[in-house]
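Structure first, commentary second.
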Amino acid sequence: MSLIKLENVSQIFGFGDATTVALDQIDLDIKKGEFIAVMGPSGAGKTSLLNILGLITPPAKGLHTFLDQEMMRMSQSHLAKLRQQHIGFVFQKHNLLPNLTILDNVSLPLLYSVNLGFLKRVEIVKRLLSRLGIHKKEFLYPYQLSGGQIQRAAIARALISQPTILIADEPTGNLDSSNSQLVMDILQGVNKEGLTIVIATHEPALTKYADRIIYLKDGCVRVDQKLRKNQQIDLGKIHDAIKKQDMRRKNKQESAGDKEGASPAAKTAKVRKAKVRKIRNKK
Amino acid sequence: MMLLKYIQIARQALKQKRDRSLITILGIVCGIAGITLLINFGLGVQRQIVNEDNSGDNLLVVRSGQAVSSSASGKITRYNFAQSSGVAPALTAGDLKAVEGVEAVEKATPVTVLNEEIKDLSGSRFHNGHVIAADADLLGLIGYEMNHGTNTLNGTKQTVVIGDEVARELFDNSRPISHEIIIGGERFIVVGVLKNPERLNPFNVGFNYRRAVIMPFAALEALNAESETETLIYEILAKTKTAVDNQIVEEVTERVLENHDQEQNFTVFRNNELVFLTGYAFDLFRDLTIIISIVFLMLGGISLTNAMQASVAERRLEIGIRKAVGATNQQIMNQFMIEALILSSVAGFLGILLALAFGLAIDYWTPIRPVIQLDVIGLMLVLSPLLGLIFGAQASAQAALQKPGDILK
């Protein structure tokens with residue numbers, strides 16, 4: 001069953017000569033229960049994609065459906081309610097609010113969705129923190145926790161409202177290998193319980209937890225393939241495959257009659273401007 | 001339930017920036033305190049002077065200077081503050097005789113204010129006191145009573161009647177009869193102590209009779225005669241045989257004019273006019289200070305807006321995260337509005353407490369009794385959160401419209 005569908009979705013930032021095409025006409029179908037790893041070099045569009053999937057930023061163009069509802073026409077309050085009820089987000093840098101205790105941080109989503117008494121909240125948070133291996137920390141502040149503990153508390157915050165999908169943007173980006181493994185084990189565990197997970201990562205080693213990889217480059221989906229259980233992606237092969245694709249495309253363009261002899265930089269700029277015009281015109 | 005949560009979030013946020021919160025509310029505190037105090041102050045004065053005056057309709061006052069301007073029909077149109085503060089030439093014994101000579105006048109009493117130090121025998125000074133020269137009829141005319149001793153202000157004997165605060169502070173004794181007091185280098189014997197008056201003297205609200213030393217006018221004349229100085233009179237109080245009417249006022253005015261070469265550099269008041277003017281002067285002062293307090297309130301409100309905007313700018317990341325986990329625009333706006341409401345409500349409450357404290361101080365140190373009106377306090381308790389709503393709205397809307405995508409890139 002499709003959870004999220006993106007059809008011809010693009011994202012652009014800036015204007016004029018400073019326009020950046022973050023995502024370029026991508027199509028994506030995320031099914032319930034999948035564990036997807038989104039990879040790509042810096043600037044490939046991973047965060048932009050995750051922000052669209054997490055209903056944080058609307059796309060500039062294209063069709064975006066979530067649970068069969070079209071997102072583009074939805075009001076801000078409705079989107080907020082969907083975020084409350086269905087989406088758990090784990091940020092790489094922006095984790096916990098420093099002036100709130102772990103209890104208040106983790107139960108933050110509950111503040112806006114359900115009316116729970118203090119004791120009930122403490123009970124739910126304690127249970128979740130216990131499960132994530134950071135029990136007895138609920139009344140401490142973030143500065144009193146280690147990096148790994150903070151990230152686990154952030155995961156707890158993402159899980160507390162029992163979302164339909166958990167989106168994690170480089171959840172192990174600031175962690176050492178043992179904490180990284182701990183975090184990924186937790187994510188794998190909740191995925192096995194039926195939670196759909198989409199994570200953005202630079203680390204090929206983490207793809208062994210995923211059952212699907214989406215590789216982005218220059219805002220486009222270059223690779224979208226299923227992975228076998230515990231299969232770790234070979235980045236070298238992926239890069240080779242992308243190189244071959246690029247060569248084929250280049251040959252195609254050249255044979256299509258671009259004989260002006262313009263410089264590569266000018267050609268790139270021309271292509272970029274054409275993309276932006278195309279996106280803006282069809283909005 | 002949600003309201004309690006907003007209050008909790010607001011409390012946490014304000015605790016983080018305690019210093020800024022305190023400074024922010026200062027303007028509103030001053031404004032609320034000022035308005036509350038002055039309304040209570042004005043009501044107190046009104047009650048003490050205007051409503052409770054029972055001096056009677058057969059009292060007339062002749063005072064130095066053109067204290068008021070009147071229309072052709074005799075109605076007072078303006079109160080001349082500068083003229084009424086004793087800048088103009090004083091009245092003389094001749095004016096006193098002229099007033100006594102009016103048939104409708106039963107008796108006339110001179111009142112003079114002296115600029116002299118008051119000391120006891122050891123040389124200790126009594127500060128912020130008034131020395132008044134009058135005769136025994138004064139106290140009866142202005143409705144003041146003796147607490148101890150006698151009211152012997154007739155004759156040239158150097159005796160004085162003193163206010164209760166003079167007795168307590170200078171002699172450490174509530175009935176210092178036969179004690180000696182030094183005024184202008186001359187010794188006087190205390191023969192009586194005034195009772196603490198329940199109301200203000202409508203004839204001279206500027207004098208605090210609790211801190212006054214009253215000597216016989218004749219004694220002052222005798223002392224001045226030794227140094228060949230004319231005794232000048234500040235005002236003449238006259239009791240008339242019948243109720244004061246325009247005819248009596250005209251006759252007194254004419255008689256005194258004869259002494260002043262037809263130059264009207266004095267004012268003749270009826271009792272109710274004086275009471276009205278005193279109330280009018282206070283009302284004017286009160287209204288002016290209320291305007292200043294409103295300016296303070298506005299400044300306080302602007303300070304609140306500024307502080308809220310700074311808070312929103314500092315907490316962009318927090319707003320982004322709250323929105324990412326499901327807060328709607330309305331919920332974010334409510335959160336910041338509650339913060340503004342808490343700040344302004346606390347400011348209002350502190351302002352009221354400050355006003356009450358000042359009121360108690362005024363009650364203790366002056367003869368004025370500010371009145372605590374519950375409806376005024378209620379009005380201020382309603383006004384303060386209203387200020388928070390008005391001046392917090394813009395920043396709250398700004399917070400609500402923040403886009404999480406722009407913040408959490």
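In what follows, every chain begins at residue 1, and chains take the letters A, B, ... in the order their sequences are listed. Basis for what follows: all heavy atoms, side chains included, without hydrogens, waters or symmetry-related copies.
Near-neighbour residues of residues 69-84 of chain A relative to chain B, defined by a heavy atom under 4.5 Å from a heavy atom of that chain, comprise A:Gln76, A:Ser77, A:Ala80, A:Arg83, A:Gln84.
Considering B:Ile32, B:Ile352, B:Val376 as possible partners of B:Leu381, the one that fulfils the side chain to side chain contact (heavy atoms under 4.5 Å, CB included) test is B:Ile352. Tested against A:Ile160 for a side chain to side chain contact (heavy atoms under 4.5 Å, CB included), the candidates A:Leu108, A:Val106, A:Asn105 yield a single pass: A:Val106.
Heavy atoms of B:Gln331 lying under 4.5 Å from chain A belong exclusively to its side chain. Looking at B:Arg322, both its backbone and its side chain come within 4.5 Å of chain A, counting heavy atoms on both sides. Neither the backbone nor the side chain of A:Asp169 comes within less than 4.5 Å of any heavy atom in chain B.
For chain B, the option among A:Leu100, A:Asp104, A:Leu97, A:Thr57 with the highest count of heavy-atom pairs below 4.5 Å is A:Leu97. Most heavy-atom pairs under 4.5 Å with chain B, from the set A:Pro58, A:Pro109, A:Ser161, A:Pro163: that is A:Pro109.
Evaluation of the side chain to side chain donor-acceptor pair (under 3.5 Å) test over residues 374-400 of chain B, restricted to residues two or more places apart or in two chains, returns B:Gln309-B:Gln394.
Annotation: side-chain contact (heavy atoms from CB on, under 4.5 Å) contacts of B:Leu26 (sequence neighbours excluded): none.
Of all heavy-atom pairs between A:Leu187 and A:Ile197, the closest is O-CD1, 3.1 Å. Taking all atoms of both residues into account, the shortest heavy-atom contact from A:Phe139 to A:Leu103 is CE2-CD2, 3.7 Å.
The pair B:Glu318-B:Lys323 does not count as a salt bridge, with every side-chain nitrogen at least 4.0 angstrom from each carboxylate oxygen.
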N/O donor to acceptor pairs below 3.5 angstrom from side-chain atoms of residues 290-302 of chain B, sequence neighbours left out:
residue	atom	partner	partner atom	Å
B:Ser293	OG	B:Thr289	O	3.0

